[in-house]
There are 2 protein chains.
Amino acid sequence: MSFKYVLQQYINNPKKFPDSVVLEEEDFLVIRDAYPKSVRHLLVIPRSSEITHIHPLDVFDKNQDLYNRVSQIIKKAENILVDELLDIGLLKFESDDAIARESFINTFVRAGIHSVPSLANLHIHVISKDFFSPRLKNKKHYNSFTTSFFVDFDELDPSKRSSASEKTQKNPIQIIKDSPLRCTYCGKSFENKFKHLKLHLEKEFINKFKPSASQIQSFKRLS
Amino acid sequence: MSFKYVLQQYINNPKKFPDSVVLEEEDFLVIRDAYPKSVRHLLVIPRSSEITHIHPLDVFDKNQDLYNRVSQIIKKAENILVDELLDIGLLKFESDDAIARESFINTFVRAGIHSVPSLANLHIHVISKDFFSPRLKNKKHYNSFTTSFFVDFDELDPSKRSSASEKTQKNPIQIIKDSPLRCTYCGKSFENKFKHLKLHLEKEFINKFKPSASQIQSFKRLS
DNA sequence: TATTCCGATAGTGAC
DNA sequence: GTCACTATCGGAATGAG
Ligand SMILES: Nc1ncnc2c1ncn2[C@@H]1O[C@H](COP(=O)(O)O)[C@@H](O)[C@H]1O
Ligand SMILES: Nc1ncnc2c1ncn2[C@@H]1O[C@H](COP(=O)(O)O)[C@@H](O)[C@H]1O
Ligand SMILES: [Zn+2]
Ligand SMILES: [Zn+2]
């Protein structure tokens with residue numbers, strides 16, 4: 001089996017990956033991205049073989065029920081993500097502070113899909129927007145989450161969607177190459193200077209979360 | 001003073017560079033290129049401050065006397081180059097064999113200029129066409145001697161030159177980038193695969209000159 | 001189309 | 001998608017009181 005179907009193994013046998021699977025329901029999985037591009041990076045995976053090979057830009061067309069159900073799972077994933085950031089001490093509000101929680105999710109967590117996925121099994125990214133991770137190694141990684149190559153889950157809602165708008169976009173791969181590297185915190189452009197962006201993202205991350213030195217080092221190590 | 005004028009030091013004080021200056025005359029110098037792109041690579045440098053900053057494509061316009069004088073110096077440089085190849089045993093004919101000498105010069109020594117020089121002081125390259133040198137490190141180096149970026153000295157003769165033809169050429173920089181790497185011995189194209197070309201040029205060099213193993217190693221070392 | 005350093009870009013084969 | 005490897009391509013500095 002080729003690399004395109006690596007996510008199938010989680011669907012087939014989630015019990016085999018207890019450290020990766022953070023939520024298992026009858027029809028969905030939420031797993032940790034094996035190559036996280038941020039401190040926290042999860043994938044929502046529908047288990048149904050009926051839809052797993054449908055393109056994420058098409059799968060919600062005329063399927064409001066599916067969209068609504070995925071939306072529920074994404075909310076759970078977002079809250080798992082926040083719980084973990086609370087657990088490791090990066091976030092410091094009370095766990096039951098619903099307003100702080102929602103505010104953080106709205107401003108610093110992104111859910112959506114890549115307009116040209118590489119892995120064939122349908123998956124939705126749920127990722128914190130720090131992009132502070134040793135797995136973030138090049139422009140393609142970064143711009144796949146910070147340009148229109150990334151499509152927010154909200155935009156896939158079939159009830160709100162102008163179906164014509166979806167294909168009017170330019171070549172998504174070209175968008176990744178042509179877009180400058182732009183800091184998600186402050187909007188500053190680094191053109192194509194990836195190393196500079198990485199240094200800047202580390203500063204922004206430290207400034208926002210005030211992690212301890214040992215925390216910083218742990219986030220820089222591969223997990 | 002910037003790098004553009006590094007050749008000025010030879011003009012100012014040739015006695016300071018006895019290992020580099022292979023011929024010193026009242027009006028001209030012949031020096032070893034400090035980053036030789038072949039086993040032998042010389043530069044002919046007019047000493048006159050009147051002309052040293054004129055572009056090589058312009059300097060011989062309406063100046064047949066200068067052209068003729070440079071032509072004389074180039075012939076001397078070519079013969080110095082051959083003498084050295086005889087001395088180190090790469091060439092094996094007798095030193096007074098005028099026919100063998102002229103044949104080698106005609107087929108394996110090139111004299112001319114870069115259509116966009118980087119160094120400001122007027123200079124004419126006299127180079128053996130082996131291109132077997134550790135200083136030959138990239139496509140720009142190679143194609144600057146093997147494409148129309150390089151203009152043979154013969155073509156600069158004001159009595160033979162159609163002055164219109166000189167500027168009809170495309171952007172010389174683009175020529176270097178767009179032209180494939182083509183073996184000067186056999187014409188084989190290596191597209192942009194510079195390392196492959198280097199290996200092939202070594203084979204061609206060995207096949208043509210039959211150097212000893214220790215000679216080969218010495219040509220690969222920086223001098 | 002000076003050199004050198006450093007880094008961005010690109011293709012490969014394997015998983 | 002990942003990784004590791006190789007190689008090509010690309011900008012910036014180059015000095016000196
Ligand atoms: N074996 C794997 N297990 C879990 N996640 C993976 C695996 N291989 C790749 N990924 C992630 O899956 C995502 C696929 O991205 P994409 O197909 O572009 O939406 C990337 O974020 C990868 O880091
Ligand atoms: N300091 C130097 N002394 C002697 N030759 C040099 C020096 N610096 C560069 N060169 C050579 O000068 C030539 C200039 O090339 P161009 O200006 O393109 O005709 C190249 O072949 C360089 O290798
Ligand atoms: Zn910023
Ligand atoms: Zn050849």
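Every chain is numbered from 1 and lettered A, B, ... according to where its sequence line falls, protein lines coming before strand lines.
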Rounded to whole Å, how long is the line connecting atom [atom1] of [X] with atom [atom2] of [N]?
X: A:I113; N: D:dG1; atom1: CD1; atom2: P; value: 14 Å
X: B:L7; N: C:dA2; atom1: CG; atom2: C1'; value: 9 Å
X: A:I176; N: C:dT9; atom1: CD1; atom2: P; value: 12 Å
X: A:H114; N: D:dG1; atom1: NE2; atom2: P; value: 9 Å
X: B:Y5; N: D:dT14; atom1: OH; atom2: P; value: 18 Å
X: B:N138; N: C:dT9; atom1: CG; atom2: P; value: 19 Å
X: A:I173; N: C:dA10; atom1: CD1; atom2: P; value: 12 Å
X: A:L136; N: D:dT2; atom1: CG; atom2: C1'; value: 14 Å

Taking side chain to side chain donor-acceptor pair (under 3.5 Å) as the criterion, tell me which of B:E202, B:H196, B:E204 meets it with B:H200.
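Exactly one candidate clears the test, B:E204.
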query: Does the cation-pi check pass for B:K188 over B:F190, that is, NZ or CZ under 6.0 Å from the six-membered ring centre and within 45° of its axis?
result: yes
### Message
Assess, by modelled atom type and distance only, whether the side chains of B:T146 and B:N143 contain a donor and an acceptor separated by less than 3.5 Å.
### Response
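Yes - a donor-acceptor pair under 3.5 Å links their side chains.
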Within residues 186-199 of chain A, the residues having a heavy atom closer than 4.0 Å to DNA chain C are A:N192, A:K193, A:F194, A:K195
What residues 27-46 of chain B contributes to the DNA chain C interface at heavy-atom separation below 4.0 Å is B:Y35, B:K37
Check the angle between the aromatic planes of [X] and [Y] and answer parallel, tilted or perpendicular using the 30° and 60° thresholds.
X: B:H114; Y: B:H125; result: tilted
X: A:F60; Y: A:F153; result: perpendicular
X: B:F145; Y: B:F131; result: tilted
X: B:F132; Y: B:F219; result: perpendicular

Exercise for the section: Would you classify B:H125 as touching base, sugar-phosphate or nothing, given that sugar-phosphate means primed atoms plus P, OP1 and OP2, and contacts are heavy atoms under 4.0 Å? Expected result: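 Nothing, no heavy atom under 4.0 Å.
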* To do: Using the P atom on both, measure D:dG15 against C:dC6 and round to a whole Å.
  =>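 About 15 Å, rounded to a whole number of Å.
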Q | Side chain of B:R135 (C-beta onward), nearest among D:dG1, C:dT4, C:dA10 | A |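 Selected nucleotide (nearest to the side chain): C:dT4.
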Looking only at C:dT4, C:dT9, D:dC3, the nucleotide nearest the B:K137 side chain is C:dT4
Exercise. State whether B:H141 places a side-chain N or O below 4.0 Å from either non-bridging phosphate oxygen (OP1 or OP2) of C:dT3.
Key: yes
What one should report as the nearest heavy-atom pair of B:P211 and B:L90 is CB-CD2, 4.0 Å
What one should report as the nearest heavy-atom pair of A:L201 and A:D130 is CD2-O, 4.1 Å
One would report the end-axis bend of the helix from C:dA2-D:dT14 to C:dC15-D:dG1, five pairs per end and rounded to 10 degrees, as 30°
Ion pair B:E25/B:R69, N-O distance below 4.0 Å: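 Yes, B:E25 and B:R69 are salt-bridged.
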* Asked: Does the separation of the ring centres of A:F149 and A:Y142 fall below 6.0 angstrom?
  ->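 No, the ring centres sit 6.0 Å or more apart.
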Would you please indicate if the ring centroids of B:H53 and B:Y5 are separated by under 6.0 Å?
yes
